[in-house]
Amino acid sequence: MDKLYLIDGSSIAYRAFYALPLLTHSSGTPINAVYGFSLMLLKLLEEEKPTHLLVAFDASAKTFRHADYEEYKSTRMKTPDELSGQFPIIKDLLDAFSIPYYEVENYEADDIIGTLSRKAEEASLKTRIVTGDKDLLQLVSERVEALLTRKGITEMDVYTVDAIRDKYGLKPEQIVDLKGLMGDSSDNIPGIPGVGEKTALKLLQQFGSVENVLDNADSISGKKLQERVRDHADQARLSKKLATIFRDMSIDIALADLKYDGYDRERLAKFFKKWEFKTLQERIMGDDVTERTKAKDILVDTIAHASVLNEWIDSASAPVALYVEMEPGPYVNADVIGFGLSDGTRHAYVPFKTVKESRTFQSWLQDDARAKVGYDIKKAMVALKKYGIQVNGFVFDVMLASYLLNPTESDHALSEIAKQQLQYPLPHDDEVYGKGAKRKQLEGQELAEHLARKTEAMRLLHQRLDEQLETYGMKDLYYRLELPLAKILAGMEADGVKVDRGRLQALGKEFEERLQKLTEEIYSLAGTEFNINSPKQLGHILFDKLNLPVMKKTKTGYSTSADVLEKLEPQHEIVGKILLFRQIGKLQSTYVEGLLKMIQQETGKIHTIFQQTVAATGRLSSTDPNLQNIPIRLEEGRRIREVFVPSESGWKILAADYSQIELRVLAHFAQDETLLEAFRENMDIHTRTAMDVFGVDKDRVTPLMRRQAKAVNFGIVYGISDYGLSQNLNISRKEAATFIERYFRSFPGVKRYMDDIVKQAREHGYVTTLLHRRRYLPDINSKNFNRRSFAERTAMNTPIQGTAADIIKLAMVKLAERLSREGFKTRMLLQVHDELIFEVPPNEVEALKAVVTDVMENAVELSVPLKVDVSTGDTWYDAK
DNA sequence: CCCTTCACG
DNA sequence: ACGTACGTGAAGGGG
């Protein structure tokens, strides 16, 4: 919508001059009116956003009005020198703003404004007049409004037809009649002596105009007043004429000439600098300014004003690349510094301050229909949640795409992806920021340019990586699994898990006492004090001092690992104590102390980070802290789980885990009759394996046989080797080989599958999962036995582990959708590879059990059923 | 910064 | 003969 602003330059200059103290430039030149004028213009541009603009000035002391009335304005004091000297500077200011100004010999600014506003009305253009002079209210109409300075220079009131009626009870065109009757001492317009505002308004209420008042002088109440009106009839007519703005000048200006396209920041800043308007200079050029700099071949604007940002985002072409810059480290509480934006043609850096000021931008962020391309969108979403900002509409995450295309790559730094995919010269963050202690946050121009190149690269990568996902048949996996999952994980990370700090501290105290006692006992048995945590010192004590037999060595010396110590346990009392010290020490340092450090002070919660681009098989991992390896196998450690509690009183913890998901996946892939049957009949799989491997009836399976069968099953999933199995079961390699041979004789389908998958890997160079996740195995044809063997085991393991990961991820996406659709208050808290942990209000427990079981068991359809076990409790420990 | 150890699936 | 179980992350020691 076009809006014309006509500024009464002379009036505003006077206003500014008298409203502000007489500020001077260091040379002594008075500059206050220029300063006030500048303030008014900046505010006007920011708040009103004129599309067309003109400043009108009075041209000279003499005007056509003097021909009618020589005394016009004659009582007015001469313009003070301090002000008149500022007019040329104000015109320089307007030049710096690129705002046109206009003055015409013999006419006043009012007449120019009157003429142009009439033209604008005829062209149906909305007009606002900016002035300090009430006379101009006569120009107000349906399409013309006036902004009248109220106090100071930047506060203005809007006068519409309605506002004028409310205030004076007059139509705008009656303002001249008012002046005709009451006069105007400042312009030396006489009016009718003895008639002031009150009387004039009363007369106009009754008669409507000067002419009518004069014609009906007889009907005026009050003898004296009648007389005055009659005596000064001509003077009243003249006064009205003088007050009437001339709206029909021949002016050689088309409205199109008044189109305003904004100012050149540098030019205006130069002007402000020259006149020492430091704050104004900073306001437009300092850190809160749109500053254009150049990063290599691209230009980047630093947007510091919400209004500029609003326009930018309103006119952006989708999708917009969005990079959220924040402080390093675990990001749940990281401060956001700013945003990099790119829509393909324009690049912008937006300090977070500006983001917070712009509601338009925030609703853009929230709008699912406004497409955004991100890099590590989970991180961005979690970091912004802290500020109550929700981001929707991410249609692509460069990091996630890179991970799917190359899951074995450990580093998905944007610079690396850009370099490999595009040969795009983007410096690595470590290069730009420095590493570790040397790291420093970039600021200003440097940061803006770095982000501009990032967002530029992101947009280019969006195109390219999307094509590759298509080529490899991974679009569904990407758009329907990983991308939606990122948002779900963001929610889980942001929600966090409540921890009972007191309980954890109590456990810590208990462990501390036990460690103290064990330490003393160990020192006493060793006959000396040493660092039990140092494998080197411990090895020295055990193998040199106590002369225990050396079972295994490491690159650096004696091995003191648990499996070695377990074998030595009967030989010396100290060994058992060391094993226990290790066990308790691990609980103390990693779990008690480690977790305490991660509890957020205010909320008592822990917010892990789920790594979605780390595990080569497609699994998630968990860091800061790792909540996927909380102890369970030994009772002492398991008690750590007591400290994980619901975040709302009365709620429960619910755990749902897949039963034997990897072996079920194996049964599906291998199509082995025996295995398929075992799962279809819902048998205890390890017992069943023992029956087949050892050739005995169910009743004859001993606990040892079941334990060994279980180890064989694990071995199968890992890509079995006799050596590995022998180590695990502490048996000879030959015995292990016999187990494996018997297993494959019992499950020939599994044998065939393992041979096939390795063969496939050799032929294609990669293996895939159920949902087409892909892992390359470059070493599969290596001449190096080690590397080749490793690749072969990976070929056997990855489709199984990866498919299990696909399944639970898909279940998470489907679950989140269903819980939200059905209005559950339940929150998904954690994923631990084959199980999901929730906190749930008591009244939802039963319904959740049903929904979770349904969704998890039916996430995909395999040749065997998927089975889920659900349990609940007041803590994670109790949900067993 | 690497190594060893150990927690989980 | 080779010399390893698959996938992770954190802590502590020591150079």
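In what follows, every heavy atom counts, from backbone to side chain, and hydrogens, waters and symmetry copies are set aside. Naming convention: chains lettered A, B, ... in sequence-line order (proteins, then strands); numbering from 1 in each chain.
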Under-4.0 Å salt bridge between A:E741 and A:R745
yes
Any idea how A:Y753 and A:F669 line up, ring-wise: parallel (<30°), tilted (30 to 60°), or perpendicular (>60°)?
parallel
Using a cut-off of 4.0 Å on non-hydrogen atoms, how would the nucleic acid contact of A:V717 be classed: base, sugar-phosphate, or nothing?
nothing
Touch check for A:F790, heavy atoms < 4.0 angstrom, all strands: base, sugar-phosphate only, or nothing?
sugar-phosphate
Could A:K605 and A:D495 be called an ion pair, given the rule that one side-chain N must be under 4.0 Å from one carboxylate O?
no
So what does A:A804 hit on the nucleic acid, given a heavy-atom distance under 4.0 Å: a base, only sugar-phosphate, or nothing?
nothing
Stems in DNA chain C: runs of 3 or more consecutive Watson-Crick or G-U pairs, distances under 3.5 Å?
B:1-9 with C:6-14
Would you call A:I522 and A:F530 a side-chain contact if the rule is heavy atoms closer than 4.5 Å?
yes
Have a look at A:R582 and say if it touches a base, only the backbone sugar-phosphate, or nothing, with a 4.0 Å heavy-atom cut-off.
sugar-phosphate
Any carboxylate oxygen within less than 4.0 angstrom of a Lys/Arg side-chain nitrogen, looking at A:R688 and A:D692?
yes
Applying a 4.0 Å non-hydrogen cut-off, can you work out what A:F714 is touching in the nucleic acid: base, sugar-phosphate, or nothing?
nothing
CD1 (A:I800) and CD1 (A:I661) are apart, to the nearest 0.5 Å, by 12.0 Å
Salt bridge present between A:R706 and A:D684 (N-O < 4.0 angstrom):
yes
Give a yes or no on whether a salt bridge exists between A:K378 and A:E493, defined as a side-chain N under 4.0 angstrom from a carboxylate O.
yes
Need two values: the first and the last nucleotide of DNA chain C, 5' to 3', having an atom under 4.0 Å from any heavy-atom of chain A.
C:dC2 to C:dG15
Students should find this one: the first and last nucleotides of DNA chain B, 5' to 3', lying under 4.0 Å from a heavy atom of chain A. What are they?
B:dT4 to B:dG9
Using a heavy-atom cut-off of 4.0 Å across all strands, would you classify A:N531 as base, sugar-phosphate, or nothing?
sugar-phosphate
Salt bridge check, A:R503 against A:E510: does any charged N sit closer than 4.0 Å to a carboxylate O?
no
Please classify the nucleic acid contact of A:A711 as base, sugar-phosphate, or nothing, using heavy-atom distances under 4.0 Å.
base
Assign A:G594 to base, sugar-phosphate, or nothing according to its heavy-atom contacts below 4.0 angstrom with the strands shown.
sugar-phosphate
Mind running a 4.0 Å heavy-atom check of residues 719-749 of chain A against DNA chain C and sending the residues that fall below it, in number order?
A:I720, A:S721, A:Y723, A:G724, A:L725, A:N728, A:R733
Using a 4.0 Å heavy-atom cut-off, does A:A562 contact any base of the nucleic acid, only the sugar-phosphate backbone, or nothing at all?
sugar-phosphate
Does this structure show an ion pair linking A:E642 with A:R639, if we count only N-O contacts that are shorter than 4.0 Å?
yes
Hey, does A:E662 reach any base, or is it just sugar-phosphate, or nothing, if we go heavy atoms under 4.0 Å?
nothing
With sequence neighbours excluded, residues passing side-chain hydrogen bond (donor to acceptor under 3.5 Å, both in side chains) with A:R707:
none
Does a salt bridge link A:R773 with A:E482, judged by any charged N lying under 4.0 Å from a carboxylate O?
yes
Salt bridge check, A:E520 against A:K577: does any charged N sit closer than 4.0 Å to a carboxylate O?
no
Taking only the P atom of each, what is the distance from C:dC2 to B:dA7 in whole angstrom?
32 Å
So what does A:T798 hit on the nucleic acid, given a heavy-atom distance under 4.0 Å: a base, only sugar-phosphate, or nothing?
nothing
Residues passing the side-chain hydrogen bond (donor to acceptor under 3.5 Å, both in side chains) test with A:R752, sequence neighbours excluded, are none
With P as the reference atom in both, quote the distance from C:dA5 to B:dC6 in angstrom, rounded to an integer.
14 Å
Base, sugar-phosphate, or nothing for A:N626, non-hydrogen atoms under 4.0 angstrom?
sugar-phosphate
